[in-house]
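It should be emphasised that the depicted structure is a prediction, and the values quoted were computed from it without experimental measurement.
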Amino acid sequence: MGGSDELNNLALACRRCNERHYNFVAGYDSETKAVVPLFNPRQQIWSEHFLWSANGRTIIGVTPTGRATCNRLDINDERYPVDISKNYQSFAVTSS
């Protein structure tokens, strides 16, 4: 959709983020009530737009672009419990 598939035009993304990004280039910032460009990893610095929460479980947008990107990509998917590790304890792999 408008971009080439040359290596210098590609960025790694998980399937979920890639699907949510789709061909959107802007998103809504709920704090400023403005439509702003989404974060561009080729042109912008991640740490200028995002922070990790103290517990390391949430990405926080600290600029209009960061907040709009978190919202558009639904980066902090909250469909699942905070600590699902308990559900996987019975699947622990042990070495013999």
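Residues meeting the side chain to side chain donor-acceptor pair (under 3.5 Å) test with Thr65, sequence neighbours left out: none. Partners of Ser53 by side chain to side chain donor-acceptor pair (under 3.5 Å), not counting sequence neighbours, listed by chain and number: Asn55. Considering only residues two or more places apart in sequence or on other chains, Trp52 meets the side-chain contact (heavy atoms from CB on, under 4.5 Å) condition with Trp46, Ile59. When the side-chain contact (heavy atoms from CB on, under 4.5 Å) test is applied to Gln43, the partners found at least two apart in sequence or on another chain are Asn40. Take Asn76 and apply the side chain to side chain donor-acceptor pair (under 3.5 Å) test, not counting sequence neighbours, and it matches no residue.
Within the hydrophobic cluster formed by Ile, Leu, Val, Met, Phe, Trp and Tyr side chains joined at under 4.5 Å, directly or through other members, Ile60 is accompanied by Leu51, Val62.
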Identify each donor-acceptor pair in which a side-chain atom of residues 30-37 lies under 3.5 Å from a protein atom, sequence neighbours left out, and give them as a table.
| from | atom 1 | to | atom 2 | distance (Å) |
| --- | --- | --- | --- | --- |
| Thr32 | OG1 | Asp29 | OD2 | 2.7 |
| Thr32 | OG1 | Ala34 | N | 3.4 |
| Lys33 | NZ | Ser30 | O | 2.8 |

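Considering CZ of Phe50 and SG of Cys70, their distance stands at 5.0 Å, rounded to 0.5 Å. Rounded to the nearest 0.5 Å, atoms CG (Leu38) and CD (Gln44) are 9.5 Å apart.
Within the structure, salt bridge (Lys or Arg N to Asp or Glu O under 4.0 Å) contacts touching residues 43-52 (residues at least two apart or in different chains) do not occur.
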